Amino acid sequence: MPQSRKPRAIRTRFPSMRIDDQPIAAINTTPLIDLMLVLIIMFIVTLPMRENKVPLDLPTNPTPPAVPPPVHRLDLDAAGQARLDGVAISDSALRARLAAIAADPAHPTLHFSPDGATRHERVDQVLADIRIAGITSLGLVDAARFEAAIAG
């Protein structure tokens, strides 16, 4: 004969409420978090876009210089001989002349034109002399001729 089973009590996760039980003091924070996220998104959207501007005080009517600055031309031939304004010049005289050009209050421009066959060490030496003299306005001219000589 089969044995009869006793009915089991159903367990639930929630405790049964009795009159003497205290109310649960926990607050459901899910709606609060949802509200916080919505508010953060609204604040981000309403913030003004940041602009990266640098304030500059520019002249309204710049006047061009009345007289353009003088231009000096320094040429190096294939042998490395320097010519300043068409006149052959030694290295020591070139350094002194470059210092005088840098000290000129008219701020002259120096145009440098090395020959394509000139040794690179010589060109570097002359460029170093120009830098040491303090010349700030330098232009490399006849670059096409120099590139053609290098390309061969």
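Values in this document were obtained by computation on a predicted structure and should not be read as measured data. What you see below is based on every heavy atom in this structure, not just the backbone, and it leaves out hydrogens, waters and symmetry mates.
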Can you get from [X] to [Y] by hopping between Ile, Leu, Val, Met, Phe, Trp and Tyr side chains that sit under 4.5 Å apart?
X    : Y    : value
V87  : V126 : no
L138 : L84  : yes
I41  : L35  : no

Would D115 and L76 satisfy side-chain contact (heavy atoms from CB on, under 4.5 Å), going step by step from the backbone distance to the final call? CA-CA 6 Å; D115 190 290; L76 282 180; 5.7 Å; no
Taking it one step at a time, do H107 and S137 satisfy side-chain contact (heavy atoms from CB on, under 4.5 Å)? CA-CA 8 Å; H107 303 292; S137 180; over 6 Å; no
Walk me through it: do V123 and L127 pass the test side-chain contact (heavy atoms from CB on, under 4.5 Å)? CA-CA 6 Å; V123 174; L127 284 174; 4.1 Å; yes
Could you pull out the closest heavy-atom pair between [X] and [Y], with the gap in Å?
X    : Y   : value
A133 : A99 : CB-N, 3.9 Å
P108 : P69 : CA-CB, 4.3 Å
A88  : R83 : N-NH1, 3.6 Å

Indicate yes or no for a side-chain donor-acceptor contact from Q81 to the backbone of I89 under 3.5 Å, with no hydrogens or angles considered. yes
Heavy-atom donor-acceptor pair, D77 side chain to G80 backbone, under 3.5 Å: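 Yes, D77 side chain to G80 backbone: donor-acceptor pair under 3.5 Å.
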[atom1] of [X] to [atom2] of [Y]: how many Å apart, nearest 0.5 Å?
X    : Y    : atom1 : atom2 : answer
D85  : I101 : CG    : CD1   : 6.5 Å
D34  : L39  : CG    : CG    : 11.0 Å
T118 : D124 : OG1   : CG    : 11.5 Å
T109 : H72  : OG1   : NE2   : 9.0 Å
M36  : T29  : CE    : OG1   : 9.5 Å
I130 : L94  : CD1   : CG    : 7.5 Å

Enumerate the residue pairs fulfilling salt bridge (Lys or Arg N to Asp or Glu O under 4.0 Å) with a member in residues 87-100, sequence neighbours excluded, ordered by first and then second residue.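 Non-adjacent pairs meeting salt bridge (Lys or Arg N to Asp or Glu O under 4.0 Å): D91-R122, R95-D129.
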With the side chain counted from C-beta on, respond yes when L98 and L110 share a heavy-atom pair under 4.5 Å apart, and no when they do not. yes
